[in-house]
Amino acid sequence: MQRQLDVTPRIFHVNWFRKDEGGKFLWPGFSENMRVLRWIVERVHGRSQGRETPIGWVPRYEDID
């Protein structure tokens, strides 16, 4: 399929369902979530960088507001 596309879509994965040691969900709140979403938008538009890891590209510390 990728060979038929000139531009492939960017796909991001975010784990919103992290749990603490007791098994309870960690919910940092919408403002914390927006920091990640902002990085995604900035990355798509080429205004932010990332760091390549074995699991894919992740934000650098300085990229998260």
Side-chain angles (χ1 to χ4, degrees):
M1 182 172 164
Q2 183 178 3
R3 287 184 288 246
Q4 298 172 358
L5 298 174
D6 293 330
V7 178
T8 56
R10 294 190 182 214
I11 298 173
F12 294 86
H13 173 78
V14 178
N15 182 5
W16 299 121
F17 302 102
R18 295 182 329 166
K19 292 185 177 183
D20 64 13
E21 299 83 24
K24 295 192 179 227
F25 286 108
L26 297 171
W27 181 253
F30 291 108
S31 62
E32 293 295 315
N33 294 342
M34 288 305 297
R35 293 163 30 131
V36 175
L37 295 173
R38 181 177 179 184
W39 177 78
I40 290 172
V41 171
E42 296 290 317
R43 180 95 171 107
V44 167
H45 291 290
R47 295 186 297 250
S48 185
Q49 299 297 312
R51 179 173 52 92
E52 189 173 13
T53 70
I55 62 167
W57 290 85
V58 297
R60 298 176 306 176
Y61 180 81
E62 58 269 18
D63 293 331
I64 298 292
D65 182 12

Which residues pass the side chain to side chain donor-acceptor pair (under 3.5 Å) test with Arg51, not counting sequence neighbours?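 Applying side chain to side chain donor-acceptor pair (under 3.5 Å) to Arg51 gives none.
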
Applying side chain to side chain donor-acceptor pair (under 3.5 Å), name anything that partners Arg47, two or more places apart in sequence or on another chain.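 Checked Arg47 against side chain to side chain donor-acceptor pair (under 3.5 Å); matches are Glu42.
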
Kindly work out whether a path of hydrophobic side-chain contacts (I/L/V/M/F/W/Y, heavy atoms less than 4.5 Å apart) joins [X] to [Y].
| X | Y | value |
| --- | --- | --- |
| Val58 | Ile40 | no |
| Met34 | Phe17 | yes |
| Trp57 | Val14 | no |

Taking all non-hydrogen atoms of both residues, which atom of Pro59 and which atom of Ile64 are closest, and how far apart?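 Nearest heavy atoms, Pro59 then Ile64: CB-CD1, 3.7 Å.
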
Please find the pair of heavy atoms, one from Asp63 and one from Gly50, that lie closest to each other, and give the distance.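 So the two residues come closest at OD2-N, 4.0 Å.
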
4.5 Å side-chain heavy-atom contact, Phe12 and Val44: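 Heavy-atom side-chain distance check passes, below 4.5 Å.
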
Could you check Arg43 against Trp39 for side chain to side chain contact (heavy atoms under 4.5 Å, CB included), going step by step and ending with a plain yes or no? CA-CA 6 Å; Arg43 180 95 171 107; Trp39 177 78; 3.5 Å; yes

More than 12 heavy atoms of other groups within 6.0 Å of Arg38 CZ: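 Counting neighbours around CZ of Arg38, 12 or fewer heavy atoms of other residues, nucleotides or ligands fall under 6.0 Å, so no.
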
